[in-house]
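Here the structure comes first, spelled out in structure tokens, and everything after it is commentary.
Basis for what follows: all heavy atoms, side chains included, without hydrogens, waters or symmetry-related copies. Numbering of residues begins at 1 and proceeds along the displayed sequence.
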Amino acid sequence: MSGISVKEKESVNVYGREMFRNSETWDGFVDRHHAGYWWHRQAWLDYSLSYDPKAVDRSFAVVVKSNGYPRVMAVCPAIERDAIICMGAGDVPCAGPLVIDHQDETYTSWYREVLLRNIQSRLGGFRGWWSWNREPSDSRELIQVLAKRLSMGQSVTSTSLVSVRNERAWFGLRKSYRSLVLSAAREYDIGYGFADLWPYYEMCHRHCATRERDGDTYLHQLRWLRQASAFVVVALPKHGGTTGAMNPDGRVTSSLSWVASGSGPDPSSTLAAAYVLVYKGRAYYASGPSVQSNLQHALQWAAIQAVARLGGHTYELGHHTDDGIGFFKRGFSKDVGSVDVLNGYI
């Protein structure tokens, strides 16, 4: 590291994430980073802590103070539960560390080294379980360095992707799905919206929830809707001659305007709902509670169209599994994305 002066090395500091709670410094770094995802942002990390009362935030950032202004050079999300770095009450990996790509590789290597040292000192003895999504770009060089230096196992999993701007996306659905979509479009009011549809999603989710959740998690989700960082799709019984946003031929043409007008049905009548996160033109299927079966196919098709209407380009349904949920996700597109995973004791 001969290209880094002593003075420059001394300007590097490492702070826990609590130092960034009231600033855009952390999120600004994630937003600019080519591999930064929604899962790296403070909103999701805070949600994960609310979701799991046993979780402890051990996240930190590598910062350079230049002219009195802190600039983040690396972040390490680290939500710890029972000595495991993970998320979702321990059932999914935590978003993986990121390091800035400096135009001078000497600097990138130095920030990576500081990151590694602090992972070892701050998280030593824990089991690390991190993931990075490759779509549209990746951090595989960092992943390989982490795997080698920390002796962690490296693997790749698959995730279902839909290119929402593909004019033939409809034909990417399984034939049986197309039938279910058209049937639901004829029989129910289906459409998407933001905070105006929140009571419908919340009511349906609370009714179907199999795991007790802190009320703050719902407040987080409502906040994202108000910020247009997410939208919801709902299925409701036909109501007073009005129609939803999905036409009988399965095309979504608008949001559910009758809800905003105050003339909608009671939220308790919600039959199914889906919550979709939106970030950097990419959307993610977060949850899909259903009181009535065989409606999520139409809701997901509505979500795909909504993402396109909102200017997005990719919809991710999530990791492939060998169960019924995995079979459901794989039925919307033949496109497959890759997720890099590191797992092992630090």
Keeping the roles fixed (side chain from Thr159, backbone from Gly337), state whether a donor-acceptor pair exists under 3.5 Å. no
Side chains of Val156 and Val341: does their closest heavy-atom pair fall under 4.5 Å? no
Of all heavy-atom pairs linking Cys76 and Ile119, the shortest is SG-CG1, 4.0 Å
Cluster link Ile84 to Phe60, ILVMFWY, side chain under 4.5 Å: no
Would the number of heavy atoms belonging to other residues, nucleotides or ligands and lying under 6.0 Å from CG of Asp91 be above 12? yes
Any side-chain heavy-atom pair of Val62 and Val12 under 4.5 Å: yes
Do Asn343 and Gln154 meet the criterion of a side-chain donor-acceptor pair at a distance under 3.5 Å? no
Holding to ring pair (Phe, Tyr, Trp, His ring centres under 6.0 Å), I want the full list of residues that pass it with Trp301, two or more places apart in sequence or in another chain. Trp170
Are any side-chain N or O atoms of His34 and backbone N or O atoms of Asp138, one a donor and one an acceptor, separated by less than 3.5 Å? yes
Side-chain heavy atoms under 4.5 angstrom apart, residues restricted to Ile, Leu, Val, Met, Phe, Trp, Tyr: same cluster for Val234 and Leu180? no
If you draw a 6.0 Å radius around CD1 in Ile325, do more than 12 non-hydrogen atoms from other residues or ligands fall strictly inside? no
Would Leu277 and Trp39 satisfy side-chain contact (heavy atoms from CB on, under 4.5 Å), going step by step from the backbone distance to the final call? CA-CA 10 Å; Leu277 293 159; Trp39 325 117; 3.7 Å; yes
Arg251 and Gln305: side-chain donor and acceptor closer than 3.5 Å? no
Can a salt bridge be assigned to the pair Arg127 and Glu80 using a cut-off of 4.0 Å between side-chain N and carboxylate O? no
Are Leu49 and Trp129 connected into the same hydrophobic cluster when the rule is that any two of I, L, V, M, F, W, Y join if their side-chain heavy atoms are below 4.5 Å apart? no
Closer than 3.5 angstrom, by distance alone: can the side chain of Lys280 be matched with the main-chain N or O of Asp31 as a donor-acceptor pair? yes
Does the side-chain contact (heavy atoms from CB on, under 4.5 Å) test come out yes or no for Gln42 and Phe20, once each step is laid out? CA-CA 9 Å; Gln42 297 207 60; Phe20 304 93; 3.9 Å; yes
Checking Asp46 against Arg17 for the salt bridge (charged side-chain N to carboxylate O under 4.0 Å, His left out) test, could you report, in this order, the C-alpha distance in whole Å, the side-chain angles of both residues, the deciding distance, and whether it holds? CA-CA 10 Å; Asp46 288 339; Arg17 192 171 68 90; 2.8 Å; yes
Checking Gln292 against Tyr188: is there a side-chain donor and acceptor pair closer than 3.5 Å? yes
Val30/Tyr279 under side-chain contact (heavy atoms from CB on, under 4.5 Å): CA gap, chis, key distance, verdict: CA-CA 11 Å; Val30 174; Tyr279 181 61; 3.6 Å; yes
Taking CD in Glu105 as the centre, count heavy atoms belonging to other residues, nucleotides or ligands within less than 6.0 Å. Is the count above 12? yes
Donor-acceptor contact present, side-chain Arg149 to main-chain Val145, <3.5 Å: no
Backbone of Leu173 reached by a side-chain donor or acceptor of Arg178 within 3.5 Å: yes
same_hphob_cluster(Met203, Val291) at 4.5 Å side-chain heavy-atom cutoff: no
State plainly whether one hydrophobic cluster holds both Tyr111 and Val72, where clusters connect Ile, Leu, Val, Met, Phe, Trp and Tyr through side-chain heavy atoms under 4.5 angstrom apart. yes
Kindly give the heavy-atom pair with the smallest separation between Ala273 and Gln296, and that separation in Å. O-NE2, 2.7 Å
Got a sec, which residues hit ring pair (Phe, Tyr, Trp, His ring centres under 6.0 Å) with Phe29, two or more places apart in sequence or on another chain? His33
Quick one: does Tyr315's side chain get under 4.5 Å of Leu317's, heavy atoms only? yes
Do Val233 and Tyr201 touch side chain to side chain, with heavy atoms closer than 4.5 Å? no
Minimum heavy-atom distance Pro289-Cys208, with the two atoms named: CB-CB, 3.9 Å
Closer than 3.5 angstrom, by distance alone: can the side chain of Asn118 be matched with the main-chain N or O of Val114 as a donor-acceptor pair? yes
For Trp132, does the six-membered ring have the charged nitrogen or CZ of Arg134 within the cation-pi criterion, i.e. under 6.0 angstrom from the centroid and within 45° of the normal? no
Could you tell me whether a side-chain N or O of Asn13 sits under 3.5 Å from a main-chain N or O of Val64, the two making a donor and an acceptor? no
Kindly say whether the aromatic ring centers of Tyr345 and Phe126 come within a distance under 6.0 Å. no
Hey, can you tell me if Trp38 and Trp224 have their rings parallel, tilted or perpendicular (30° and 60° cut-offs)? perpendicular
Would you name the heavy atoms of Ser59 and Leu45 that are closest together and state the gap between them? OG-CD1, 4.3 Å
Side chains of Trp130 and Pro97: closer than 4.5 Å at any heavy-atom pair? yes
Is the NZ or CZ atom of Arg213 both under 6.0 Å from the centre of the six-membered ring of Tyr51 and within 45° of that ring's axis? no
Using the ring of each side chain (for Trp, its six-membered ring), is Phe328 parallel, tilted or perpendicular to Phe332, with breaks at 30° and 60°? perpendicular
Is NZ or CZ of Arg168 both nearer than 6.0 Å to the six-membered ring centre of Phe171 and within 45° of the ring axis? yes
Between His313 and Ser163, is a side-chain contact (heavy atoms from CB on, under 4.5 Å) present by the stated rule, with each step listed? CA-CA 6 Å; His313 52 76; Ser163 177; over 6 Å; no
Ring pair (Phe, Tyr, Trp, His ring centres under 6.0 Å) partners for Phe194, two or more places apart: none
Quick one: are Leu98 and His40 in side-chain contact, heavy atoms under 4.5 Å? yes
Just checking, is any N or O donor in the side chain of His220 or Ser50 under 3.5 Å from an acceptor N or O on the other one? yes
Backbone of Gly312 reached by a side-chain donor or acceptor of Arg165 within 3.5 Å: yes
Would a 4.5 Å heavy-atom cut-off, applied to side chains only, mark Leu150 and Leu116 as touching? yes
Walk me through whether Asp101 and Arg112 qualify under salt bridge (charged side-chain N to carboxylate O under 4.0 Å, His left out). CA-CA 10 Å; Asp101 286 329; Arg112 187 187 300 141; 5.9 Å; no
With no hydrogens and no angle check, is any side-chain donor or acceptor of Gln300 less than 3.5 Å from a backbone partner on Lys329? no
Would you check if Val162 and Asp335 make a side-chain contact, meaning some heavy-atom pair closer than 4.5 Å? no
Ignoring hydrogens and angles, tell me if any N or O in the side chain of Thr270 forms a donor-acceptor pair with the backbone of Ala272 under 3.5 Å. no
Please walk me through it: do Ser109 and Glu113 pass side-chain hydrogen bond (donor to acceptor under 3.5 Å, both in side chains)? CA-CA 6 Å; Ser109 298; Glu113 182 65 27; over 6 Å; no
Is the Lys NZ or Arg CZ of Arg41 less than 6.0 Å from the centre of Tyr47's six-membered ring, within 45° of the axis? no
Against the six-membered ring of Tyr218, is Arg206 placed for a cation-pi contact (under 6.0 Å from the centre, within 45° of the normal)? yes
So, Gln221 versus Thr217: side-chain donor-acceptor pair below 3.5 Å or not? no
